[in-house]
Amino acid sequence: MSAPMQSRTTAAYYIQAVLSFALSGAALGFGIAFLPVEPWTRAFLAVGLLWTVTSAFTLAKVVRDRQETTDLVTRVDQARLDKLLAEHDPFKVEGV
């Protein structure tokens, strides 16, 4: 059987991605909060920020799920092929 799937990201990359996301969201939130505009404009921008963040998470989840499905199908197909090859006897003569 195939080896289990390994993570493709390092801990440093993960931490960098989390910190980058948190810093960019905080900076944009701070900018919206102190923007010299009317409250309704500030609220509109905040809702836009929230919508963008949730859409990004949804897109990332969909891409990850599609990749995992492709990997799973590939692993199942590989297991079937491994089983067929293990059971195949090239010297066996049918009907004799």
Side-chain angles (χ1 to χ4, degrees):
M1 195 80 167
S2 300
M5 292 176 34
Q6 296 178 354
S7 176
R8 296 180 205 144
T9 59
T10 62
Y13 181 75
Y14 177 77
I15 291 171
Q16 179 186 0
V18 169
L19 289 177
S20 175
F21 175 76
L23 184 61
S24 66
L28 191 53
F30 181 80
I32 290 172
F34 290 100
L35 193 64
V37 294
E38 296 179 20
W40 71 268
T41 306
R42 194 173 298 124
F44 177 78
L45 292 173
V47 169
L49 171 62
L50 181 63
W51 189 7
T52 302
V53 169
T54 57
S55 296
F57 276 111
T58 302
L59 178 61
K61 182 186 179 315
V62 167
V63 170
R64 182 200 65 204
D65 289 349
R66 181 170 284 182
Q67 179 65 35
E68 285 179 352
T69 301
T70 302
D71 288 346
L72 182 63
V73 168
T74 302
R75 289 178 68 195
V76 168
D77 288 343
Q78 184 63 41
R80 287 180 181 159
L81 180 61
D82 290 346
K83 181 182 176 196
L84 284 172
L85 289 174
E87 294 173 349
H88 177 69
D89 182 6
F91 300 109
K92 182 179 179 183
V93 177
E94 294 292 327
V96 174

Trainee: Any side-chain heavy atom of Arg64 within less than 4.5 Å of one from Lys61?
Mentor: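 A side-chain contact exists here, since the closest heavy-atom pair is under 4.5 Å.
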
Trainee: Under the side chain to side chain contact (heavy atoms under 4.5 Å, CB included) criterion, do Arg80 and Leu84 qualify, and how do the steps go?
Mentor: CA-CA 6 Å; Arg80 287 180 181 159; Leu84 284 172; 5.5 Å; no

Trainee: Is there a path from Phe34 to Leu45 through hydrophobic residues (I, L, V, M, F, W, Y) whose side chains come within less than 4.5 Å of each other?
Mentor: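 Phe34 and Leu45: separate clusters.
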
Trainee: Hey, does Leu81 have a side-chain heavy atom less than 4.5 Å from the side chain of Leu85?
Mentor: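 Answer yes - side chains close enough.
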
Trainee: What pairs with Glu38 under side chain to side chain contact (heavy atoms under 4.5 Å, CB included), at least two apart in sequence or on another chain?
Mentor: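 Here the qualifying residues are Trp40, Thr41.
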
Trainee: Tell me whether the count of non-hydrogen atoms from other residues, nucleotides or ligands lying under 6.0 Å of CD in Gln16 goes above 12.
Mentor: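 No, CD of Gln16 has 12 or fewer neighbouring heavy atoms, counting only those of other groups under 6.0 Å.
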
Trainee: Starting at OH of Tyr14, measure out to CG of Leu19 and round the result to the nearest 0.5 Å.
Mentor: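 The OH atom of Tyr14 sits 10.0 Å away from the CG atom of Leu19.
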
Trainee: Is there a path of hydrophobic side-chain contacts, each under 4.5 Å between heavy atoms, that joins Val47 and Leu35?
Mentor: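 In one cluster with Val47: Leu35, no.
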
Trainee: Applying side chain to side chain contact (heavy atoms under 4.5 Å, CB included), can you list everything that pairs with Phe57, at least two apart in sequence or on another chain?
Mentor: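 Side chain to side chain contact (heavy atoms under 4.5 Å, CB included) list for Phe57, sorted by chain: Phe21, Val53.
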
Trainee: Just jot down the side chain to side chain contact (heavy atoms under 4.5 Å, CB included) partners of Thr54, sequence neighbours excluded, or say none.
Mentor: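 Side chain to side chain contact (heavy atoms under 4.5 Å, CB included) list for Thr54, sorted by chain: Leu50, Trp51.
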
